[in-house]
Protein chains: 2
Amino acid sequence: MSLSTPVSEIPDIVISRLPIYLRTLRLLHTQKAEVTSSQELGQLLGLSSAQIRKDFSHFGEFGKQGTGYNVAYLCTQLEKILKVDCIWPVILVGAGYLGHALASYHGFEQRGFRIVGVFDNDPAKIGSQIGAVIVEGLDAMPAAIGQQRCQIAVIAVPATAAQRVAELLVAAGIKSLLCYAPIKLTVPSSIRVEYIDPVIHFQHMTFYLEKACVND
Amino acid sequence: MSLSTPVSEIPDIVISRLPIYLRTLRLLHTQKAEVTSSQELGQLLGLSSAQIRKDFSHFGEFGKQGTGYNVAYLCTQLEKILKVDCIWPVILVGAGYLGHALASYHGFEQRGFRIVGVFDNDPAKIGSQIGAVIVEGLDAMPAAIGQQRCQIAVIAVPATAAQRVAELLVAAGIKSLLCYAPIKLTVPSSIRVEYIDPVIHFQHMTFYLEKACVND
DNA sequence: TAGATTGTTAATCGATTAACAATC
DNA sequence: TAGATTGTTAATCGATTAACAATC
């Protein structure tokens, strides 16, 4: 019989809300708010105050009865819980328009991430500078991942290349993937994959819209 | 007492899976698969076969016992349900790197969407061509939305401008917004808003990663 | 026919909410 | 103190799953 207690098993859906809470708290902080409440946060986010208190309760007690939460302190705590109280190196594969947009975006660092390498197989792109880095060939990727101890990668290549790139990234030691290609990647179950596909959002919207579109 | 029966109330979480099903069915179709089953779809998507059958059952009976689903037929049905059996015009605000990437992407049309206008207030961008359209000033936006009967808009401007842009879009008659700025928009409850923020995904990932990042 | 798979029901599981004692 | 708000419990709500009759 193992002496260790089972992991307290915080629901993933709770984890998925923490970055949203953090983003809102950071905003309140820049607006010089010193304290907030579960009710105020709920109103800002369209959630119930009960849900916000319940979510926080999985990690500790961060508030004071009658007063609410200290904004700066709660920010710090959420950053620790999410492990974004530091800067994570991120590898980007794909130096097309999307890769360019991602590598040029200045909003990552203040939220805990830095794109430390951009890789592409197009000879026309290799050697060019985007953002703060020089585009390198895919063959240079594994060494870069190892040197930077990089665990996160972004896939911004066409759908036809995405699965192959994912396999190269996993082989090189990447643990989490953010995939912009509109396909489901097949990777070992230990690898976390998240997806961004604007068409999925569009098609969700159209269900609720009145149909008034051009025939094709 | 009203004679109308209550709307059958299909859960939004079911709707949110339909575009994923459609994407996978389209893939099977290009791979010349003629039939599939809830079990096969489930395996491809990491869902249970029961969930897939349950989801479909909200909309009708699309399969045959013993045989499964005709891929082409199920595609057509899902396209009708989601109302993407046509092309929806989409307005894009923001002609930075991200706007450029979106306007240049060739994958929208085959999935039911076309960017018919790009708007920005930067004089250096107005008049330049990206994708198939010419960037226009924001003042030209309301008329374009009216002329195209456009109900969907994408916000790809900096966070500081996003709320103001959202208000202009809503005033011009837009019904659904896809927001790439990392903020929560405040809009009337009749307006649907969806968000894309890669940092939210990164911060979700880091919770599960071993911490090994650079101090800042 | 025998095998396979659907559509649907009922059971289970998990997430959200309401309520309130504790307490700042 | 009186008012406000937390953290937590129990109740409610809703989504997923298991099971199976129907049937191709």
Side-chain angles (χ1 to χ4, degrees), chain A residues 6-22 24-25 28 33-78 80-81 204 207, chain B residues 6-22 24-25 28 33-78 80-81 204 207:
Chain A
V7 178
S8 69
E9 225 27 285
I10 294 157
D12 186 65
I13 197 160
V14 172
I15 308 301
S16 73
R17 283 190 292 264
L18 299 185
I20 312 277
Y21 297 153
L22 178 55
T24 303
L25 286 161
L28 288 171
E34 283 185 8
V35 294
T36 187
S37 64
S38 58
Q39 193 170 52
E40 183 182 42
L41 280 173
Q43 224 149 23
L44 289 169
L45 290 168
L47 302 173
S48 74
S49 62
Q51 175 162 82
I52 289 170
R53 294 197 301 280
K54 187 99 214 277
D55 282 354
F56 291 165
S57 76
H58 286 98
F59 306 97
E61 309 191 355
F62 304 120
K64 265 204 190 72
Q65 283 101 326
T67 309
Y69 303 92
N70 178 290
V71 172
Y73 176 72
L74 189 49
C75 270
T76 308
Q77 292 306 303
L78 286 178
K80 272 187 197 162
I81 292 164
H204 190 174
F207 178 85
Chain B
V7 178
S8 69
E9 226 26 287
I10 294 157
D12 185 65
I13 196 159
V14 172
I15 309 301
S16 72
R17 282 189 291 263
L18 300 186
I20 311 277
Y21 296 153
L22 177 56
T24 303
L25 285 161
L28 288 171
E34 284 185 8
V35 294
T36 186
S37 63
S38 57
Q39 192 170 52
E40 183 184 43
L41 280 173
Q43 222 148 25
L44 288 170
L45 290 167
L47 303 172
S48 75
S49 63
Q51 175 161 83
I52 288 169
R53 294 198 301 278
K54 188 98 212 276
D55 283 354
F56 291 164
S57 76
H58 287 97
F59 305 97
E61 308 191 355
F62 304 120
K64 265 206 190 73
Q65 284 102 324
T67 308
Y69 303 92
N70 179 290
V71 172
Y73 177 73
L74 189 51
C75 272
T76 308
Q77 293 305 305
L78 286 178
K80 272 188 198 160
I81 293 164
H204 191 174
F207 178 84

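Values below: every heavy atom of this structure, side chains too, minus hydrogens, waters and symmetry copies. Chain letters run A, B, ... following the sequence lines, proteins first, then strands; residues in each count from 1.
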Are any non-hydrogen side-chain atoms of Phe59(A) and Leu78(A) less than 4.5 angstrom apart?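 The answer is no, as the side chains (C-beta and beyond) never meet within the 4.5 Å cut-off.
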Any side-chain heavy atom of Glu34(B) sitting closer than 4.5 Å to one from Val71(B)?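 Heavy-atom side-chain distance check fails, nothing below 4.5 Å.
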Could you give all pairs that pass the side chain to side chain donor-acceptor pair (under 3.5 Å) test and reach residues 66-78 of chain B, with sequence neighbours left out?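 Listed by first then second residue: nothing to list.
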5'-to-3' dot-bracket of DNA chain D (Watson-Crick, G-U; under 3.5 angstrom; crossing pairs as [ ]; | other strand): ..||||||||||||||||||||||
Rounded to whole angstrom units, what separation is found between the [atom1] atom of [X] and the [atom2] atom of [N]?
{"X": "Gln51(A)", "N": "dA15(C)", "atom1": "CD", "atom2": "C1'", "answer": "8 Å"}
{"X": "Arg17(B)", "N": "dG14(D)", "atom1": "CZ", "atom2": "C1'", "answer": "12 Å"}
{"X": "Leu47(A)", "N": "dA15(C)", "atom1": "CG", "atom2": "P", "answer": "15 Å"}
{"X": "Ile15(A)", "N": "dA15(C)", "atom1": "CD1", "atom2": "P", "answer": "11 Å"}

Using a 4.0 Å cut-off on protein heavy atoms (strictly under), produce a 5'-to-3' string for nucleotides 2-13 of chain C with B for base contact, S for backbone-only sugar-phosphate contact, and - for none. --BBBBBB----
What pairs with Leu44(A) under side-chain contact (heavy atoms from CB on, under 4.5 Å), at least two apart in sequence or on another chain?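 Testing Leu44(A) for side-chain contact (heavy atoms from CB on, under 4.5 Å), a comparison that skips the adjacent residues, returns Thr24(A), Leu28(A), Glu40(A).
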Only counting residues at least two apart or in another chain, list the ones meeting side-chain contact (heavy atoms from CB on, under 4.5 Å) with Ile20(A).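 Checked Ile20(A) against side-chain contact (heavy atoms from CB on, under 4.5 Å); matches are Leu45(A), Ile200(B).
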Considering residues at least two apart in sequence or located in another chain, which fulfil the salt bridge (charged side-chain N to carboxylate O under 4.0 Å, His left out) criterion with Arg53(B)?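 Arg53(B): no salt bridge (charged side-chain N to carboxylate O under 4.0 Å, His left out) contacts found.
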Counting only side-chain nitrogens and oxygens, does Ser48(B) get under 4.0 Å of the OP1 or OP2 atom of dT16(D)?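 No.
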Considering all heavy atoms, the nearest His204(A)-Pro19(B) contact: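 For His204(A) and Pro19(B), the tightest heavy-atom pair comes out as N-CG, 4.1 Å.
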Tell me, yes or no, whether the heavy-atom count around Gln51(A) atom CD, taken from other residues, nucleotides or ligands under 6.0 Å, exceeds 12.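 Yes, enclosed.
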